[in-house]
Amino acid sequence: MLNFTVGPVMSNEEIRKIGGDQIPYFRTPEFSKIMLDNELLLKKFFKADDSSRVVFMTGSGTASMDASVLNLFTKEDKILVVNGGSFGHRFCEICDVYELNYTEIKCSLGKTLTKEQLIPFENKGYTAFIVNLDETSTGVLYDIELISKFCKRNNLFLLVDSISSFLCDPFNMKELGVNCVITGSQKALALAPGISLIVLDTKAIERINNNKPKTYYFNLKDYLKNGERGQTPFTPAVGILLQLNKRLHMIEDEGGIDAEVNRAKENAKYFRDLIKNLPFDIASNSLSNAVTPLTPKDKTKSAYKLFEILKDNYGIWICPNGGEMKDKIFRVGHIGDIKKSDYDKLVDSIKDVLNKNLW
Ligand SMILES: *Cc1c(COP(=O)(O)O)cnc(C)c1O
């Protein structure tokens, strides 16, 4: 199997081996030590301030999106939410559930947020800004410098979902003034799904400690308190957290975060060069290194059908889209344990599909 989706993705063999081990009991000094080490390395890779903290949530990325919104904001907030696809839409739905006061900034599919779109929101009393750094559904990487400057100028609390962008695109939490950033285990961390992470700066921690959200499992105050000694309030996905520790050390040993981002960048470039003569257009005007969204030049061809052909006849998974994008866009991921030769295989298979008129 060759998996070019955007998660779950292919894991390295050493990581998979850990998945076969017995799961240890976790209320021990040994496990606490590993968790504190996980926190330290994640802060380093996000380029977070020393005073920041990391919450380890057992649940997929959406659990951390939900918990962050619920714990960080109150009805007093006036929030801006960038909505350019499924994941931006998800933040709007979360705000709806908690009856928060928000305004959507709509971006057309495949189009990044522009300076002009932000102008109407300057000095309008907003208090917070929410964005998915890479809107994975359309493969659009927003301009985080632009957003950061806008938030600093207007004194907005900045919540960033970097679930698919982490380890792929350059990011400096402290310099950008990002207050809270989220990622998940099954994207570029290339682990099993089940863990997501929330990095919080001191402003975010203060908001959480002053808030009284109506939730039991998602009360981040408890996670922060327990995290001081390297623990979680409830039984976490222990096995994935052990794999996380191995993965973080592997990144560190192979040159750290900048080298890791560079690997994603090179994979993305290699693939994008390979497909230059194939009958697809790139469907985003601002690409992340995590994924390439493609649309068939021939509008009568279904993107979803190509996904099915590659899956059923070649054992290769590209990433299909849902909803209105189902037939228009498919995506090829650059995350997980992928080599350049894997892209050669993918492109050869696509050429074979075209030559044999299978599509
Ligand atoms: C994958 C992803 C999520 C989280 O999805 P889950 O299925 O809950 O893990 C959220 N935001 C973005 C940008 C993503 O790519």
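Whatever order the structure lists them in is the order used to number ligands and atoms, beginning at 1. What you see below is based on every heavy atom in this structure, not just the backbone, and it leaves out hydrogens, waters and symmetry mates.
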> So do the side chains of Glu135 and Thr112 get within less than 4.5 Å of each other, counting heavy atoms only?
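In short, these two side chains do not touch, never coming nearer than 4.5 Å.
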> Any non-hydrogen side-chain atom of Val347 less than 4.5 Å from a side-chain atom of Ile275?
yes
> Would you mind checking which non-hydrogen protein atom is closest to atom 2 (C) of ligand 1, with the distance to 0.1 Å?
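Sorting protein heavy atoms by distance from atom 2 (C) of ligand 1 puts Lys187 NZ, 2.5 Å first.
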> Using a strict 4.0 Å cut-off to heavy atoms of Gly61, name the atoms of ligand 1 that fall inside it.
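Atoms satisfying the 4.0 Å criterion: 4 (C), 6 (P), 8 (O), 9 (O).
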> Under 6.0 Å from the NZ atom of Lys265, do we count more than 12 heavy atoms belonging to anything else shown?
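No - once you tally the heavy atoms of other residues, nucleotides and ligands closer than 6.0 Å, there are 12 at most.
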> Hey, does Arg90 sit under 4.0 Å from ligand 1 if you only count heavy atoms?
yes
> Distance under 4.0 Å to a non-hydrogen atom of Thr62: what atoms of ligand 1 satisfy this?
4 (C), 5 (O), 6 (P), 8 (O)
> For atom 9 (O) of ligand 1, grab the closest protein heavy atom and report residue, atom and distance to one decimal in Å.
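Atom 9 (O) of ligand 1 sits closest to the protein heavy atom Gln186 NE2, 2.8 Å.
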> Of the protein's non-hydrogen atoms, which lies at the shortest distance from atom 11 (N) of ligand 1, and what is that distance?
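Closest protein heavy atom to atom 11 (N) of ligand 1: Asp161 OD2, 2.6 Å.
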> Could you see which bit of Ile163 sits under 4.0 Å from ligand 1, with heavy atoms only: side chain, backbone, both or neither?
side chain
> Just to be sure I read this right, does ligand 1 sit under 4.0 Å from the backbone of Asp134, its side chain, both, or neither, counting only heavy atoms?
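The answer is the backbone.
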> What atoms of ligand 1 come closer than 4.0 angstrom to any heavy atom of Met65?
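Numbered from 1, ligand 1 contributes 10 (C).
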> So which protein heavy atom does atom 3 (C) of ligand 1 come closest to, and at what separation?
Phe87 CE2, 3.4 Å
> Name the one of Phe280, Trp359, Tyr304 that satisfies ring pair (Phe, Tyr, Trp, His ring centres under 6.0 Å) with Phe330?
Phe280
> As an exercise, identify every atom of ligand 1 less than 4.0 angstrom from a heavy atom of Thr136.
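That gives atoms 12 (C), 13 (C), 14 (C), 15 (O) of ligand 1.
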> Examine Tyr343 together with Phe4 and report whether their ring centres are nearer than 6.0 Å.
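Ring centroids of Tyr343 and Phe4 are less than 6.0 Å from each other.
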> Write out the residue and atom name of the closest protein heavy atom to atom 6 (P) of ligand 1, then the distance separating them to 0.1 Å.
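That would be Ser60 OG, 3.4 Å.
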> May I ask you to list the atoms of ligand 1 that are less than 4.0 angstrom from any heavy atom of Ser164?
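Going through ligand 1 atom by atom, the ones under 4.0 Å from Ser164 are 15 (O).
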> Determine whether the aromatic ring centres of residues Phe46 and Phe166 are separated by less than 6.0 angstrom.
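Centroid separation for Phe166 and Phe46: below 6.0 Å.
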> Scan for side chain to side chain donor-acceptor pair (under 3.5 Å) pairs involving residues 36-55, sequence neighbours excluded, and state none if there are none.
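Residue pairs with at least one partner in residues 36-55: Asp37-Asn245, Asp37-His249, Asn38-Asn245, Glu39-Arg53, Lys44-Glu252, Lys47-Asp258, Asp49-Ser51, Asp49-Lys174.
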> Considering only residues two or more places apart or on different chains, which pairs with a residue in residues 88-99 satisfy side chain to side chain donor-acceptor pair (under 3.5 Å)?
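Qualifying pairs, neighbours excluded: Thr62-Arg90, Asp66-Tyr98, His89-Glu93, Asp96-Tyr102.
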> With the side chain counted from C-beta on, respond yes when Leu42 and Leu244 share a heavy-atom pair under 4.5 Å apart, and no when they do not.
yes
